[in-house]
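What follows is a short report on a single structure.
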There are 2 protein chains.
Amino acid sequence: MANIQQVAQKAGVSVATVSRVMNNSSSVTASTRQKVENAIKELNYEPSVLGRNLRTSESRLILVLIPSISNPFYTEIINGIEDTSIKNGYNILLCETDSSVERENIYLNMIKNKLVDGAISMDPAVNMEKLNQLALDYPIIQCSEYEEGGIIPYVTINNELAAYQAVKHLIKLGHERIALVNSDEKFLYARQRRQGYDRALKEYHLPIREELIYHTDYLEFDYGIQAMRKLLEVQEKPTAVFAVSDTLAIGALKEINQSGLQVPNDIAVVGFDKISFSNMTNPSLTTISQPMYKMGCTAATMLINSVVGKKVENIVLDHELVIRDSTMG
Amino acid sequence: MANIQQVAQKAGVSVATVSRVMNNSSSVTASTRQKVENAIKELNYEPSVLGRNLRTSESRLILVLIPSISNPFYTEIINGIEDTSIKNGYNILLCETDSSVERENIYLNMIKNKLVDGAISMDPAVNMEKLNQLALDYPIIQCSEYEEGGIIPYVTINNELAAYQAVKHLIKLGHERIALVNSDEKFLYARQRRQGYDRALKEYHLPIREELIYHTDYLEFDYGIQAMRKLLEVQEKPTAVFAVSDTLAIGALKEINQSGLQVPNDIAVVGFDKISFSNMTNPSLTTISQPMYKMGCTAATMLINSVVGKKVENIVLDHELVIRDSTMG
DNA sequence: TTGAAAGCGCTAACAA
DNA sequence: TTGTTAGCGCTTTCAA
């Protein structure tokens with residue numbers, strides 16, 4: 001692999017001139033440019049990103065932290081981040097933390113090491129102390145999950161309102177015993193969705209029954225199955241279930257079908273996220289549609305603005321209730 | 001962020017000595033080491049990966065190319081790659097190409113630029129010419145999809161045999177009109193699975209009916225729906241469907257349910273990959289289980305071996321037919 | 001055992 | 001418009 005020196009030599013110019021040609025920078029004669037470009041072509045030269053980065057202290061790489069790539073919720077967000085990044089001359093480095101602190105540290109350190117210009121975190125279980133400390137010196141954005149009143153700019157939706165609308169939809173259909181399958185309420189989104197659930201019930205003077213509220217540690221299908229299994233053991237079974245993620249809702253659906261009950265006639269189900277699977281289940285799943293692609297685009301735009309020194313504001317995007325067969329037979 | 005110079009100054013030694021301490025290299029007195037370590041701690045020093053990489057020409061980063069993160073098939077493979085990489089002191093850079101040549105180029109060039117030490121490609125639509133050319137100079141492994149008789153080492157399964165077994169399973173259940181939902185046969189895996197399908201039919205003296213063979217451009221659910229819709233229009237409907245991916249099979253299942261037919265009584269369905277969602281459908285999906293995690297581990301091991309200059313051999317892993325409700329009511 | 005110094009490939013400030 | 005040169009942060013050879 002040729003270096004800039006060799007190109008300069010072959011073209012009969014200085015390395016500075018080669019650098020200028022590479023960066024389309026000021027004032028190079030057409031003839032000089034031609035000579036350099038010929039040399040570049042002949043030697044098949046491609047500049048070393050490493051050398052350049054060391055010099056400029058920028059990598060044009062964006063770190064994207066997700067807890068797990070197996071949750072389809074992140075898929076569309078990442079597409080948004082990626083498209084926007086590439087459009088702006090950045091590439092992304094996608095890192096799965098598995099919510100493991102060590103793994104997260106490895107990746108977050110890349111930002112200190114100038115291996116990346118900034119980071120977008122989507123891990124609800126991220127070490128906020130570390131993230132806040134990094135955010136003092138480096139561009140960081142939180143996407144979807146965030147810290148209330150924190151210093152890190154975020155893009156998200158109104159989780160409380162979305163949950164409220166989902167539950168209200170069930171109430172309007174006549175349901176009174178509505179179960180909630182929630183995540184651990186140490187996560188902000190879980191607390192917010194819980195609040196929306198509570199608000200809807202209260203508004204319609206329905207009691208909040210603790211036996212109908214179930215918390216899961218993870219969002220995988222199996223945990224939805226597990227949750228539903230427990231809820232079906234309750235003396236007075238729920239007639240509807242609101243799960244805070246489609247993956248959980250799909251697990252619940254499976255378990256209801258398995259137990260011989262009918263969705264939505266015996267039990268109605270509402271999910272959250274509108275992942276692509278949610279339309280493949282039988283019956284298809286009523287869910288809250290998050291603007292995932294747009295959220296990704298927004299997060300990337302915010303981060304890039306932050307990288308180039310602009311001030312960025314928190315953004316709350318609109319969601320939508322998508323009514324399908326799992327609530328309306 | 002402190003640099004090595006400042007540490008050296010504070011410790012009253014040369015930068016070379018600091019470097020030696022950092023790399024646990026030969027012969028540093030305990031007392032010198034102590035001084036340096038104190039300085040490191042005081043200044044909160046972390047070495048610049050950029051400077052180091054420029055000097056050593058290695059990045060300890062592995063590029064992983066996937067066509068799309070939305071196909072859950074890749075999820076477990078990536079987990080395998082990641083675990084194995086981290087265990088060996090490498091991190092991975094996950095890149096989604098969307099089977100776009102430009103995007104692929106951006107990422108593949110990182111290998112020339114010494115931004116990564118090697119690459120694992122899982123994109124069936126990868127530009128083989130470019131990949132082969134890179135493979136001349138850099139460590140590259142293909143995972144799952146590969147080039148027959150090519151120069152790039154690969155890890156895969158026996159696609160022909162797997163498809164043969166899937167179709168044979170259907171034949172043994174009494175099916176004679178078995179549809180095939182395949183990808184574009186420009187992909188090797190698609191050709192191989194087609195061969196397995198053909199072999200099973202031939203072995204049982206069943207005719208290969210072109211009207212029961214459907215090719216899709218992509219693997220998303222919607223294409224499975226589309227395929228099934230066409231197959232249901234055939235005069236003599238198939239009594240079974242073998243799809244070359246679970247995503248397609250799930251789409252087919254959805255369409256069959258939608259049309260009022262019963263799985264497996266009216267039409268049996270077999271998928272391929274055993275993605276986690278395949279157990280959530282109603283009925284659950286009979287499928288071929290690929291050892292995805294192991295495949296990822298193997299690919300990573302092969303690549304790392306290749307990076308350190310060892311010779312690597314192609315590897316074919318075992319698969320398994322997982323019989324569930326979509327074929328056995 | 002330790003230090004001095006060269007150099008990885010590049011950019012940019014300054015000079016011509 | 002073009003060239004000279006310092007230097008980004010590190011490792012490693014050579015010498016002491």
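In the text below, chain A, chain B and the rest are named by the order of the sequence lines, each starting its count at 1. Since the structure is predicted, the reported quantities are computational estimates derived from the model, not experimental observations.
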Between D:dT4 (P) and A:Ile4 (CD1): distance, integer Å:
14 Å
Where the side chain of B:Tyr45 is defined as all heavy atoms beyond and including C-beta, which of D:dC10, C:dA4, C:dG9 is the nearest nucleotide?
D:dC10
Both A:Thr56 and A:Val15 contact DNA chain D. Which one's nearest nucleotide lies toward the 5' end?
A:Val15
Round to a whole Å and report the spacing from CG of A:Asn23 to C1' of C:dA12.
10 Å
Using atom CD of B:Glu46 as one end and atom P of D:dG9 as the other, report the distance to the nearest whole Å.
14 Å
Value in whole Å for how far the C1' atom of D:dG7 lies from CG of A:Asn53
16 Å
For the CG atom of A:Leu131 and the CD1 atom of A:Ile152, what is their distance to the nearest 0.5 Å?
3.5 Å
Nearest to side-chain heavy atoms of B:Asn3, which nucleotide of C:dG9, D:dG9, D:dG3
D:dG9
Among D:dT11, C:dT2, D:dT2, which is the nearest nucleotide to the side chain of B:Arg52?
D:dT11
Tell me the interatomic distance from B:Gln5, atom CD, to D:dG7, atom P, rounded to whole angstroms.
11 Å
Are side-chain heavy atoms of A:Ile78 and A:Met122 found at a separation under 4.5 Å?
yes
Just checking A:Val49: base, sugar-phosphate only, or nothing, at a heavy-atom cut-off of under 4.0 Å?
nothing
Grab the NZ-C1' distance between B:Lys35 and C:dT1 for me, whole Å please.
11 Å
What's the closest nucleotide to the side chain of B:Thr32 if the choices are C:dA12, C:dT2, D:dT2?
C:dT2
Contact class for A:Ser57 (heavy atom, under 4.0 Å): base, sugar-phosphate, or nothing?
nothing
Could you tell me whether A:Arg103 and B:Glu82 have a side-chain N and a carboxylate O separated by less than 4.0 Å?
yes
Is it true that A:Lys35 and A:Glu37 have a side-chain N and a carboxylate O under 4.0 angstrom from each other?
no
Just checking B:Ser19: base, sugar-phosphate only, or nothing, at a heavy-atom cut-off of under 4.0 Å?
base
Is it true that B:Ser59 and B:Asp117 share a donor-acceptor pair across their side chains at a distance under 3.5 Å?
yes
Has the side chain of A:Arg55 got a donor or acceptor atom sitting under 3.5 Å from an opposite partner on the base of D:dG9?
no
Distance in angstrom units between A:Glu58 CD and C:dC10 P, rounded
16 Å
I need the CG-P distance between B:Leu54 and D:dT12, as an integer number of Å.
13 Å
